[in-house]
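When a ligand or atom number is given, it counts from 1 through the structure's own listing order. Nothing here was measured: the structure is a model prediction, and the numbers come from that model.
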Amino acid sequence: MAAMITLGIETSCDETGIALYHGERGLLAHTLYSQVAMHAEFGGVVPELASRDHVRKLLPLIDQALAEAGVAKHDITGVAYTAGPGLIGALLVGAAVGRSLAWAWGVPAVGVHHMEGHLLAPMLEESAPAFPFVALLVSGGHTQLVAVEGVGRYRILGESLDDAAGEAFDKTAKMLGLGYPGGPVLAALAEQGHPGIYHFPRPMTDRPGLDFSFSGLKTFTLNTWQKSGQSAQDKADIARAFQDAVVETLAIKCRRAMEQTGMKRLVMAGGVSANKGLRERLHALAEQRGWEVFYPRPAFCTDNGAMIAYVGHLRLSAGERQGLEFSARPRWPMESLSARQEETEPTEIG
Ligand code: KG4
Ligand code: ZN
């Protein structure tokens, strides 16, 4: 049988990501278009503009990926698109295009869970983790600790009760007047800050459990900023204190999750796993405890098509098939995924 080549399409938020994954040779090509410049003017993602821009960029990016990989359309054996969670309009663009192309090419299609994409993105790297492992998923929409026994075998150990870690970075950055997207800008400013000048709380670490709450940190940041001298260095020191609080809180909960499960491998994924401070902290912790730690290259921490093509490949290989209808789910609990999912549920819009 000829090798499988899966086209992956990611359009859950403000990045159009395309990739081609080869069953034997791995990733052949990946292309990405970020809408950041367009949304910056509004200080955040404008969903309707996001959907329209995905419409404009999808087909040219697919052509570009095919050209880069030297792959013809008729070589593609399956199409995977992000079916949720995310912005419904943006998701529907990718789902409609993905399902239609698969139909036109006479190949199977599958809807992929965006967070499963993030979760398995470290598998695209040369030093891929073996199962089982604990995953810290930290993105703009989710903060979760997950016990991962295998593909589709996910147990949520804890999650954020309010803001996700990335959302906390973004909101705090906005409050400090750092613009959008806030995470990377705040992280860069934190590098200029001195540690220990300000001390921020580590929310929910004084009680047992693995849930998170980050929404209080932004108010704490604002109050600290207002009471400070409001110099450029004060701002950097406050950014540093904020980042250290998030990082330390995540590290404390990771340690608990590892102890609770007895696992020895820790994986981090999602946009915030690109954060240098977080990587360094978890590395230090892992070294001290004798664990292994894994994460994707920075480009695959944030949204991308490669992770969707990869998960699509796994699910298509396992025989999973999407019917001729397509579906998108703005909310979609990851635990409802199975090791081998049968048909996806019908379209759910809202
Ligand atoms: O995974 P992702 O690209 O999209 C979602 O699925 O949400 O994550 C985006 C989030 C944003 O909140 C962004 O501010 C944050 O990841 N982020 C960072 C860094 N790079 C991206 N947060 C902290 N430090 C970074 N270096
Ligand atoms: Zn994401």
Considering only protein heavy atoms, which is closest to [atom], and at what distance to one decimal place?
atom                    : answer
atom 3 (O) of ligand 1  : Asp303 N, 3.0 Å
atom 24 (N) of ligand 1 : Asn275 ND2, 3.0 Å
atom 20 (N) of ligand 1 : Gly271 O, 3.5 Å
atom 15 (C) of ligand 1 : Val272 CG2, 4.0 Å
atom 6 (O) of ligand 1  : His114 NE2, 3.1 Å
atom 12 (O) of ligand 1 : Asp170 OD2, 2.7 Å

> In terms of the angle between their ring planes, are Tyr21 and His313 parallel, tilted or perpendicular, with boundaries placed at 30° and 60°?
Replying inline: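 Plane angle between 30° and 60°, so tilted.
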> Side chain, backbone, both or neither: which part of His118 comes within less than 4.0 Å of ligand 1 when only heavy atoms are counted?
Replying inline: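 Contact part for His118 vs ligand 1: side chain (C-beta onward).
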Atoms of ligand 1 less than 4.0 Å from [X] heavy atoms?
X      : result
Thr302 : 3 (O)
Gly141 : 7 (O)
Gly140 : 5 (C), 7 (O), 8 (O), 9 (C), 10 (C), 12 (O)

> Can you find an N/O atom of Met115 closer than 3.5 Å to an N/O atom of ligand 1?
Replying inline: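 By distance alone, the answer is no.
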> Do any N/O atoms on Gly166 end up under 3.5 angstrom from N/O atoms on ligand 1?
Replying inline: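 Yes, Gly166 has an N/O under 3.5 Å of an N/O on ligand 1.
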> With the Zn ion (ligand 2) as the point of reference, which N/O/S atom of His118 is the closest?
Replying inline: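 Relative to the Zn ion (ligand 2), the closest nitrogen, oxygen or sulfur of His118 carries the name NE2.
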>> Between the Zn ion (ligand 2) and Asp303, which N, O or S atom of the residue is the nearest one?
In response: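 It is OD1, the N, O or S atom of Asp303 closest to the Zn ion (ligand 2).
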> Side chains of His142 and Glu159: do they bring a donor and an acceptor to under 3.5 Å?
Replying inline: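 No donor-acceptor contact under 3.5 Å links the two side chains.
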> Are Phe42 and Tyr180 close enough that their ring centres sit under 6.0 Å apart?
Replying inline: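 So the answer is no for these two rings.
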> Under 6.0 Å between the ring centres of Phe133 and Phe131?
Replying inline: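 Between Phe133 and Phe131, the centre distance is under 6.0 Å.
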> Are any of the side-chain heavy atoms of Trp105 and Thr77 separated by less than 4.5 Å?
Replying inline: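 Not in contact.
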>> Is there a side-chain contact between Arg153 and Val148 in this structure, where contact means two heavy atoms from C-beta onward sitting under 4.5 Å apart?
In response: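 A side-chain contact is absent here, since even the closest heavy-atom pair is not under 4.5 Å.
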> Where is the tightest heavy-atom contact between Ile18 and Ala65, given as atom of each residue plus distance?
Replying inline: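 Shortest heavy-atom contact: CG2-CB, 3.7 Å.
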> Strictly under 2.8 Å, is any N, O or S atom of His142 next to the Zn ion (ligand 2)?
Replying inline: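 For His142, the answer is no, given that no N, O or S atom comes within less than 2.8 Å of the Zn ion (ligand 2).
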> With distance as the sole test, does Arg321 use its side chain to make a donor-acceptor pair with the main-chain N or O of Leu316 at under 3.5 Å?
Replying inline: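 Yes.
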>> With a 4.0 Å cut-off on N to O distance, would you call Lys57 and Asp53 a salt bridge?
In response: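 So Lys57 pairs with Asp53 through a salt bridge.
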> Among His113, Gln322, Glu116, which one satisfies side chain to side chain donor-acceptor pair (under 3.5 Å) with Arg315?
Replying inline: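 Among the candidates, only Glu116 passes.
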> Would Pro181 count as a contact of ligand 1 if the rule is a heavy atom under 4.0 Å away?
Replying inline: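 No.
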